[in-house]
Amino acid sequence: MSIVAQIINASKEYVAGDTVITALHPATFDFRSNELTLIIGPSGSGKTTLLSLLGCVIFPTQGEVYVAGTKVTGLAPRQLADVRLKNIGFVFQSFNLLSPLSALENVMQPLILMGMKREEAKSRALEALKKVHMEDRTKSLPKMLSGGQQQRVAIARALVNNPVLMLCDEPTAALDFKSVGIVMDELKMLSATGKSVIVVTHDLRLKQFADRIIYVNNGVASETPPAEESFH
């Protein structure tokens, strides 16, 4: 397994008036290929801050972040956008599919943004939909799909540019129990193809799918379960 992303002594603080709010205390983690990592914690714990650092959405107040061997801390916005587009796939709780577009057209969008010709983008998008077993719904609009199906299209869109890092923010929160299993099986399969898949959640049911778990509470991230977690 190779290292896909790293955070090194990375922390994040926000200033509100005279108050300094620590969203994430200094943390150091490596994230590797062929690995599905869960980041578990309650709302407001700092887990989304950790995900946002890895996604190059925010910079750390201190410390460093690396993605695919590139030090992203301090990069210009255009350079950051390039790193995200080429190396990172995002999957969100709310799916974020474009409602006027079909499933196939939604999956094509990242490739079109990269300047790829439509025919090649269409071919790549079809392959991505096949990987999540949605090739029979290519012409369907999002409103014609169930929540689980929309999430699988969102996963296909995230993987269509073959990113090394897939970041998933509460990807199963809006799904029924059966769909949760299907979506997590898809993500587990993707990690087995050499990607590093990172899933932020507060749902302890997802632990069975994880190769590794990072617990975040009150801005402190650790691979050691908190006392109440150990008890249960």
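Sequential numbering from 1 along the given sequence is applied to the chain's residues.
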Could you list the donor-acceptor pairs under 3.5 angstrom formed by side chains in residues 87-95, with sequence neighbours left out?
residue : atom : partner : partner atom : Å
Asn87   : ND2  : Val83   : O            : 3.2
Ser94   : OG   : Asn96   : OD1          : 2.8

Is a donor on one side and an acceptor on the other found under 3.5 Å between the side chain of [X] and the backbone of [Y]?
X      : Y      : value
Ser196 : Arg32  : yes
Gln151 : Gly148 : no
Lys86  : Pro163 : no
Gln79  : Ala76  : yes
Thr70  : Val72  : no
Ser33  : Ser2   : yes
Gln150 : Leu145 : yes
Asn9   : Gly63  : no
Glu35  : Phe31  : no
Thr73  : Val65  : yes

Scan residues 51-73 for pairs that pass salt bridge (charged side-chain N to carboxylate O under 4.0 Å, His left out), counting only residues two or more places apart or in two chains.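 As it turns out, the salt bridge (charged side-chain N to carboxylate O under 4.0 Å, His left out) pairs with a partner in residues 51-73, which skip direct neighbours, are Glu64-Lys71.
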
How would you list all residue pairs meeting salt bridge (charged side-chain N to carboxylate O under 4.0 Å, His left out) that involve residues 177-188, not counting sequence neighbours?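 Output for this query lists Arg152-Glu186, Lys188-Asp211.
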
[X] versus [Y], closest heavy-atom pair with distance:
X      : Y      : answer
Ser11  : His25  : CB-C, 3.9 Å
Leu54  : Ile7   : CD2-CG2, 3.8 Å
His202 : Gly41  : CB-O, 3.4 Å
Leu75  : Phe59  : O-CZ, 3.4 Å
Val216 : Gly46  : CG1-C, 3.8 Å
Val153 : Met134 : CG2-CE, 3.8 Å

Do the non-hydrogen side-chain atoms of Thr48 and Glu170 ever get within less than 4.5 Å of each other?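 Counting from C-beta outward, Thr48 and Glu170 never come under 4.5 Å.
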
Side-chain heavy atoms of Thr22 within contact of Leu24, under 4.5 Å: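 No. Closest side-chain heavy atoms not under 4.5 Å.
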
Who clusters with [X]? Use side-chain heavy atoms, under 4.5 angstrom, across I, L, V, M, F, W and Y, and order the result by chain and number.
X      : value
Leu141 : Met144
Leu101 : Leu98
Val220 : none

Test side-chain hydrogen bond (donor to acceptor under 3.5 Å, both in side chains) applied to Lys195 and Asn34, step by step: CA-CA 5 Å; Lys195 302 184 188 310; Asn34 297 91; over 6 Å; no

Note: Asp82-Arg78 ion pair, threshold 4.0 Å (strictly below):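 Answer for the salt bridge query: no.
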
Do Val107 and Val197 share a hydrophobic cluster (ILVMFWY, side-chain heavy atoms under 4.5 Å, transitive)?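 Linked, Val107 and Val197 end up in one cluster.
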
Just to verify, what does Arg84 make a side-chain hydrogen bond (donor to acceptor under 3.5 Å, both in side chains) with, not counting sequence neighbours?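 With sequence neighbours excluded, Arg84 shows a side-chain hydrogen bond (donor to acceptor under 3.5 Å, both in side chains) to no residue whatsoever.
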
Under the side-chain hydrogen bond (donor to acceptor under 3.5 Å, both in side chains) test, residues paired with Thr201 that sit two or more places apart: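 With sequence neighbours excluded, Thr201 shows a side-chain hydrogen bond (donor to acceptor under 3.5 Å, both in side chains) to no residue whatsoever.
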
Less than 3.5 Å apart, which donor and acceptor atoms pair up between the side chains of residues 111-132 and the rest of the protein, not counting sequence neighbours?
residue : atom : partner : partner atom : Å
Arg124  : NH2  : Val160  : O            : 3.1

Are Lys47 and Asn217 close enough that a side-chain donor and a side-chain acceptor fall under 3.5 Å?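 Asn217 and Lys47 do not have a side-chain donor-acceptor pair below 3.5 Å.
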
Residues forming a side chain to side chain contact (heavy atoms under 4.5 Å, CB included) with Val15, sequence neighbours excluded: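 With neighbours one apart ignored, the set is Val20.
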
My understanding is that only residues two or more places apart in sequence, or in another chain, count here; which of them pass side chain to side chain contact (heavy atoms under 4.5 Å, CB included) with Ser179?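 Listed in chain order: Leu175, Asp176.
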
Partner set under salt bridge (charged side-chain N to carboxylate O under 4.0 Å, His left out) for Arg205, not counting sequence neighbours: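 Here the qualifying residues are Asp203.
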
